[in-house]
2 protein chains.
Amino acid sequence: MKSEISRKEEIQITAAKLFTEKGYNAVSMRDLALALGIKASSLYNHIQSKQEILSLIIITVGEHFTEGILEIINSESGPLEKLKQTIKLHVHISLHYKDAIGCLNSNWHNLEEPDLANLKKMREDYEENVRLLIRACKKDKQLKSLNEEVMLYSVLSTLRSVYQWSNKTEGLNEEELVAELQESLLEGLVEN
Amino acid sequence: MKSEISRKEEIQITAAKLFTEKGYNAVSMRDLALALGIKASSLYNHIQSKQEILSLIIITVGEHFTEGILEIINSESGPLEKLKQTIKLHVHISLHYKDAIGCLNSNWHNLEEPDLANLKKMREDYEENVRLLIRACKKDKQLKSLNEEVMLYSVLSTLRSVYQWSNKTEGLNEEELVAELQESLLEGLVEN
DNA sequence: GTCTATAAAATGATAGAC
DNA sequence: GTCTATCATTTTATAGAC
């Protein structure tokens, strides 16, 4: 009854790890094949090209973010609660798709068209949604009247790096990490 | 009287830009030479290898961070003021060495030994210094008793991304950007 | 200091046997 | 589905003329 994992998925999982560690161009099809215990030419029975592997990894995780943020935006909560939900969403994806996110972060510029344009659109839309949330919070006097872009990227850049350092906070479970980040990012570090 | 810029420096400046945009492995010596208006073989009159170019770019900017943080640590200020000075330092370097920092961030894993080990040591020491600052602030009750690693990477990951988005805050000069970041990161975004 | 020519190695991908 | 063998291309780097 357990869901079988196809060779194609196996390739994506291994590739995501290697691409994250060494970079897309630094990983040859021979390297990837060796990590899977087969020959490079055998890979082409499952995928069409090296580029297709990268595309599958990155677009899939990009869609997770897109779906997640839309669900939050369309919910009934207030803007500050939605911002907190965005932090939760980002942590959740970061912990469950670590390698794919690492691959996205390090290798998105190796995507070719039309996937590159597709990803850029998804990323811009995501950023714009968070920007609008921040603006709505400011209007409601729930956030300070600081520069919007500084606030936006303070939050986003921290969230985007979670996959890199979450292994250093292993005393915290997912829920606790979310709570700590919500507090740190929104309420600040300084004791009042 | 103006300081002459050598061809070797010109190569580093152009390479830093290209490496940041496309990635180290995606930029061939032909690409780099073309951007400089010469042939690839001519590059070797000024540098020994492609790897040397990367090393010069990254190690140089790494040393700026190392020198800067040591100056702060050895100053007479209290820990919270030192943390604020670290934010100022990071912004200053981010604005003045944008391409080199981009190159460091995207391509450090393409460094070969012993430069890679050298850079990792610099990075770890830098992180440890900021961690100790945060710990000292907590002990003084100037920072909340949140998870140290979460606080550390909230601050560091935002600072490390400044070069990517500082062009979107062009209404702010350097001093103002520093002030906004000190407020956002330390005091938080939420209105009390 | 730049050029042309070229070496030596690595790369993504295909053909065809099993 | 995997293999061996191979191709076409690109890569970093060197040698030597100007």
Study note, to complete from the structure: Exactly one candidate in A:Glu191, A:Glu187, A:Glu183 meets side-chain hydrogen bond (donor to acceptor under 3.5 Å, both in side chains) with B:Lys144; the answer is A:Glu183
Review point. Could a donor-acceptor pair under 3.5 angstrom be found where the side chain of B:Ser28 meets the base of D:dT10?
Key: no
Check your understanding: Can you check the A:Ile11 CD1 to D:dG1 C1' distance for me, whole Å?
Key -> 11 Å
Point to revise | Polar pair under 3.5 Å, donor/acceptor by atom type, side chain A:Arg7, base D:dG1 | key: no
**Study point:** Of the listed nucleotides C:dA5, C:dA15, C:dT2, the one nearest the side chain of A:Ser41
**Key:** C:dA15
Exercise for review: Please report, rounded to the nearest Å, how far the P atom of D:dT10 is from the CZ atom of A:Arg30.
Suggested key: 16 Å
Practice item. Could you tell me the separation between the NZ atom of B:Lys8 and the C1' atom of C:dG1, rounded to a whole number of Å? Key: 15 Å
Review point. Which one, C:dC3, C:dG12, D:dT14, comes nearest to the side chain of A:Tyr44?
Key: C:dG12
Check your understanding: Rounded to the Å, how far apart are B:Asn45 CG and C:dC3 C1'?
Key -> 11 Å
Check your understanding: Do you see a donor-acceptor pair shorter than 3.5 Å between the side chains of B:His109 and A:Glu21?
Key -> no
Check your understanding: For the pair made of CD in B:Glu112 and P in D:dT12, what is the distance, rounded to whole Å?
Key -> 12 Å
Point to revise | Check: B:Asn147 main-chain N/O paired with A:Glu180 side-chain donor or acceptor under 3.5 Å | key: yes
Check your understanding: For A:Leu36 and D:dG1, what is the distance between atoms CG and C1' respectively, to the nearest whole Å?
Key -> 13 Å
Review point. How many Å lie between CG on A:Leu43 and P on C:dT14, as a whole number?
Key: 12 Å
Exercise for review: Anything under 30° is parallel, anything over 60° is perpendicular, the rest tilted; go ahead and classify A:His90 against A:Phe65.
Suggested key: tilted
Point to revise | Short side-chain N/O contact to D:dC3 OP1/OP2 from A:Lys39, under 4.0 Å | key: no
Point to revise | Donor-acceptor pair under 3.5 Å, B:Ser49 side chain vs D:dT12 base | key: no
Study note, to complete from the structure: Whole-Å distance, A:Asp31 CG to C:dA10 P, equals 11 Å
**Study point:** Nearest-0.5 Å distance, CD1 of residue A:Ile101 to NE2 of residue A:His96
**Key:** 11.0 Å
